[in-house]
Amino acid sequence: MVNVYNTRTRSKEEFVPIEGNNVRMYVCGPTVYDYPHIGNARSFAVFDTIRRYLEYKGYRVVYITNFTDIDDKMINRSKEDGIEVSELAAKFITEYLTIAKQLNLIPATINPRATEHMDDIIEMVELIIKNGYGYDVDGDVYFNVPSFETYGGLSRIPMDDLSSRARVEVDEKKKDPRDFILWKAEKPGEPSWESPWGKGRPGWHAECSVMGKHYLGFPFDIHGGGQDLIFPHHENEIAQSAAAYGIETPVKYWLHNGFLTIDSDKMSKSEKNFSTAREVLDNYDHQAVRLYLVTGQYRQPLDYNDKAMKQAIQSLERIKNAADTIRGRISILEKIGSRESDADRKLAEASKKAREDFEKEMDDDFNTPGALAEIFTLVREINTLTKDVGGAAVLREALAVMIELVGILGVNLADEAQTGEGAGQAAKALKGIVDFLLELREGARKSKDFAKADQIRDRLGELGIEIADTKDGPTWKMS
RNA sequence: GGCGACGUACCCAAGUGGUAAGGGAGAGGUCUGCAAAACCUUUAUGCAGCGGUUCGAAUCCGCUCGUCGCCUCCA
C-alpha cells in the first residue's frame, strides 16, 4: 500500500487509483525558453522515480509531461535572441530531451505542446465564459476569481487576503484585482491565433488544464510539479478546469517537490542564482547526478554543492563495487565450481529483506533516503557474505535485486562493464586474453616476482582493466 | 502583513510516542607482497532553546530563537 502526501489535503493518504490498476499522471513540464537548471532536473528526477516505483508496484502508468512553447517568457526571449518563437522552442525541447536521457528519465507517454492545443484552449475559455466564470474585455479574457467559491482551496490562501493585495500593476480592465487572464489580445509582431475574441494567445497556463483533460480526462490521479507552482499556477488550473468542465476535483492527488537550493538559497532564474542542468551533467557522472537528486526526500529542500555531489559519487561507487564483487565471485565460481554454504542462505535472506524494506520506505511517500539506506544494508551483506557464497544462483538473485531497486531510483547498474560476460567474439577473446595474463601474473606472484606481477596489473590498468586480488583468485573489470 | 516549510553528529540525511537508520569524512584495527575494494570498532545520554502533557517525547502541546520559501515569471 502506497501512501502519498497530498498537497490538497495537507496529509498523507492511501494511494488508490481512480480506475483499477491504471494510474494517470501529469507533471508540469518546462517552458522551453531557456536551459533547464539543476532544480528543474530535480523535479524531473523525482517524478520519474515516483513513476518507476508505481510501475514496479504493478500499476500501469500513463505519464504526460508538457512543453509550454508559447507565453510571455517565450516571446520576450525570442525578441532578445532575434529568432522565431518556434525556433526557440525547438532548441530547448531538444535540450530538454538530451537532459532527460542523461538523467535516465523514462520517456513520457506523450510530450504535448501548448501550441498544438489551441483549439482545446479556446474551447475551454469559451466554456468558462459560458458558465459565468469569465468575461471578455477588448479581446482580453479574464477569469473572475470571486465567482469561483472554492478558489484558494489548494494553496489555502484566504480570498480576502488576496483581494487586499492588488499591489502590482493594477489592471483597469479587471473586474476584480484577483482576476487572472485566460486569453491575451494580440500585440503587433507576436504570435497569435484566431479566436472568438479576436486574434490572441493563451494568457496563463491554460495548456496544463487542457492537455490534462485531453490526454488523461478529468479527474485524473496525480498532478506533479514544484512547490512554487501551488500558487498561482495550480490554483488557477483547478479553477479553470472546474469552471469549464464542471468537475469539482479535477485531480485526486497533488504532489509537489521541494526546492533545490544553492548554498541554502533558492535557485532562481530571475536571481541569476542557478546552475544549469547542462553544466552539472557536463561536470559529473550522470548516474551520480541522478542519485544525488534523490538523496533527499522529495518534499524537503535539497542543497546543491560540490560536497553533496562528491558524496553522491562515493555512494554510487560503493553500490557499483558491491555489484562488481558479485560479478567477480560468479566468474570465480565458474572456475572453482560451486560449494554451497551457510552464506548462501544468509545472502538469499538478505536479498529478500532488502526488497521488503525498500518497499516499506518507498510506500511511505517515496522516502528515497530511507530506501537508499536499505540498499546500503544489502550492500554490506553482499560485501560480507559474497566471498563465502558458493551458489551462483543466489548471487545472481542478489545482483538482480540490487539492479532492480537501484533502477527505481534511476541508476542503471545493468549496463556496467561486466567481467567479460558480454556476448560477441571480441568480448570472448578479450576475456580469454585477460584471463591468460592473470594466470601469468598469478605465476609471477607465486614465485614472488612482484615486479612482473605489478607490471601486468599496471599495463592492464592503463588499458582500463582493473585487477583486484581476492582469496579465491583475481577478478577484473572494465573501468 | 497573510500562508507554509524547516532546525537531528564534522557534513548530507531517515526516523514523527517506546528509548537515535544509512551514506560521506575522521580515528584505530583486520585482511594484503603491494594496490584497490572490503570488513570490524569508534564519532549525538542526545535530536535549536525553554516549559508542559505522558510510565515514557527527537516525535504531541505552548512559547522563544534561527533559517528558508510562497503571496510576482519560476520545478
Side-chain angles (χ1 to χ4, degrees), chain A residues 7 10 27-31 33-34 36-47 71-73 76 152 155-158 160-162 164-165 167-169 204-205 224-233 235 256-261 264-271 274 277 291-292 295-303 305 307-322 324-325 328 357 361 364 367-377 379-380 382-387 445-446 448-451 453-454 457-458 461 466-471 475 477 479:
Chain A
T7 305
R10 305 286 157 102
V27 177
C28 280
T31 300
Y33 73 108
D34 199 358
H37 57 57
I38 185 66
N40 299 105
R42 179 186 193 190
S43 193
F44 305 154
V46 158
F47 287 105
D71 85 328
D72 289 353
K73 293 192 295 294
N76 292 339
S155 56
R156 306 215 169 171
I157 297 176
D160 300 351
D161 191 50
L162 283 169
S164 64
R165 347 177 336 88
R167 48 173 201 178
V168 197
E169 46 180 282
W204 258 104
H205 289 253
Q227 272 170 2
D228 50 350
L229 296 181
I230 295 171
F231 188 89
H233 181 121
E235 193 69 60
H256 292 97
N257 66 277
F259 292 120
L260 196 144
T261 56
S264 306
D265 281 327
K266 184 191 169 188
M267 203 175 280
S268 162
K269 293 234 164 129
S270 47
E271 299 291 324
F274 63 92
L291 188 65
Y292 155 71
T295 50
Q297 206 273 347
Y298 77 94
R299 288 190 289 119
Q300 304 302 337
L302 183 68
D303 200 48
N305 52 63
K307 194 168 180 183
M309 279 310 306
K310 292 210 169 77
Q311 295 193 0
I313 289 167
Q314 296 285 355
S315 296
L316 179 63
E317 199 56 33
R318 186 164 161 81
I319 290 167
K320 282 181 171 179
N321 284 339
D324 287 332
T325 297
D357 292 345
E361 296 292 350
D364 180 18
N367 186 353
T368 50
L372 199 55
E374 302 305 340
I375 288 172
F376 281 113
T377 300
V379 163
R380 166 158 283 119
I382 287 170
N383 288 336
T384 311
L385 296 168
T386 293
K387 64 180 190 310
R445 290 179 73 208
K446 276 206 176 91
K448 308 257 187 235
D449 185 357
F450 297 122
D454 288 350
R457 183 172 62 194
D458 292 347
E466 286 176 24
I467 307 303
D469 294 320
T470 77
K471 210 165 66 186
T475 65
K477 64 172 180 174
S479 59

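Because the structure is a prediction, the values reported are computed rather than measured. Here is the naming used below: chain letters follow the sequence lines, and residue numbers restart at 1 for every chain.
Residue order along RNA chain B, read from the 5' end via each residue's closest nucleotide, puts A/Pro369 first among A/Phe47 and A/Pro369. Both A/Lys73 and A/Arg445 sit near RNA chain B, but only A/Arg445 has its closest nucleotide nearer the 5' end.
Between the side chain of A/Arg380 and the base of B/C39, no donor-acceptor pair of N or O atoms lies under 3.5 Å. Side chain A/Asp469 to base B/C34: a donor-acceptor pair is found below 3.5 Å. Checked by distance alone, A/Asn367 brings no side-chain donor or acceptor within 3.5 Å of a matching partner on the base of B/G15. No N or O donor and acceptor, one from the side chain of A/Gln314 and one from the base of B/G23, sit under 3.5 Å apart.
Atom CD1 in A/Ile157 sits roughly 7 Å away from atom C1' in B/C70 (whole-Å rounding). As a whole-Å value, the separation of A/Tyr298 OH from B/C6 P is 13 Å. As rounded to whole Å, 10 Å separates atom P of B/A35 from atom CG of A/Asp454. Atom NZ in A/Lys471 sits roughly 20 Å away from atom P in B/A37 (whole-Å rounding). One can place CG of A/Asp449 at 15 Å from P of B/G33, the figure rounded to the nearest angstrom. Following rounding to the nearest Å, A/Gln300 (CD) and B/A13 (C1') show an atom-to-atom distance of 10 Å. In this structure, A/Asn321 atom CG and B/G24 atom P are separated by 11 Å, rounded to whole Å. The CG atom of A/Asp324 sits 17 Å away from the P atom of B/A36 (whole-angstrom rounding).
Nucleotide B/G22 has B/C12 as its partner under the Watson-Crick or G-U criteria, with both atom distances under 3.5 Å. Across all strands shown, the partner of B/G7 is B/C65, judged by Watson-Crick or G-U wobble contacts whose two distances both fall under 3.5 Å. Here B/G1 sits opposite B/C71 as a Watson-Crick or G-U wobble pair (both hydrogen-bonding atom distances under 3.5 Å). Within the shown strands, nothing qualifies as a pairing partner of B/A37 under the Watson-Crick or G-U definition with both distances less than 3.5 Å. Look at B/U32: it lacks any Watson-Crick or wobble partner with both distances under 3.5 angstrom. Base pairing analysis places B/A58 opposite nothing; no Watson-Crick or G-U wobble pair with both distances below 3.5 Å involves it.
Here the separation of B/C11 from B/G26, taken at their C1' atoms, is 11 Å to the nearest Å. Taking atom P on both B/A35 and B/U67, the two are 49 Å apart, rounded to the nearest angstrom. The same atom, P, is picked in B/U19 and in B/C10; the two are 24 Å apart, to the nearest Å. B/U43 and B/G22 have their C1' atoms separated by 15 Å, given to the nearest Å. The gap from the C1' atom of B/C74 to that of B/G69 amounts to 13 Å, rounded to the nearest Å. Comparing B/U16 with B/U59, their C1' atoms are spaced 4 Å from each other, to the whole Å. Comparing the C1' positions of B/C47 and B/U8 gives an interatomic distance of 4 Å, to the nearest angstrom.
Using a 4.0 Å heavy-atom distance criterion, A/Gln227 is classed as making no nucleic acid contact. Base contact: A/Gly258 has a heavy atom under 4.0 Å from a base atom. Within 4.0 Å (heavy atoms only), A/Ala468 reaches at least one base atom of the nucleic acid. Residue A/Ile375 is out of contact with every strand shown, counting any heavy-atom pair closer than 4.0 Å.
No side-chain donor-acceptor contact under 3.5 Å links A/Asp364 to the backbone of A/Glu361. Within the 3.5 Å criterion, the main-chain N or O of A/Ser155 finds a donor-acceptor partner in the side chain of A/Glu235. Checked by atom type and distance alone, the side chain of A/Thr377 pairs as donor or acceptor with a backbone atom of A/Ala373 at under 3.5 Å. Counting only distance, with no hydrogens or angles, the side chain of A/Lys387 and the backbone of A/Thr384 share a donor-acceptor pair below 3.5 Å.
Note: A/Arg156 CZ to A/Phe231 CZ = 15.0 Å, rounded to the nearest 0.5 Å. With rounding to the nearest 0.5 angstrom, the CD1 atom of A/Ile319 is 12.0 Å from the CG atom of A/Asp324. If you take CG on A/Asn321 and NZ on A/Lys477, they are separated by 5.0 Å, rounding to the nearest 0.5 Å.
Nearest nucleotide to the side chain of A/His37, out of B/A75, B/A14, B/G33: B/A75. The side chain of A/Leu302 approaches B/A13 more closely than any other nucleotide in the set B/G24, B/G22, B/A13. Here the nucleotide nearest the side chain of A/Arg457, chosen from B/A75, B/C11, B/C34, is B/C34.
Between A/Arg318 and B/G23 there is a side-chain N or O to OP1 or OP2 distance below 4.0 Å. Contact check, A/Asn383 against B/C39: a side-chain N or O comes under 4.0 Å of OP1 or OP2. Regarding contacts with the backbone of B/A75, a side-chain N or O of A/Asn40 is found under 4.0 angstrom from either OP1 or OP2.
Taking all atoms of both residues into account, the shortest heavy-atom contact from A/Ala322 to A/Val379 is CB-CG1, 3.9 Å.
In this structure, A/Phe376 does not pack face-to-face on the six-membered ring of B/G22, missing the 5.5 Å centre cutoff or the 30° plane limit.
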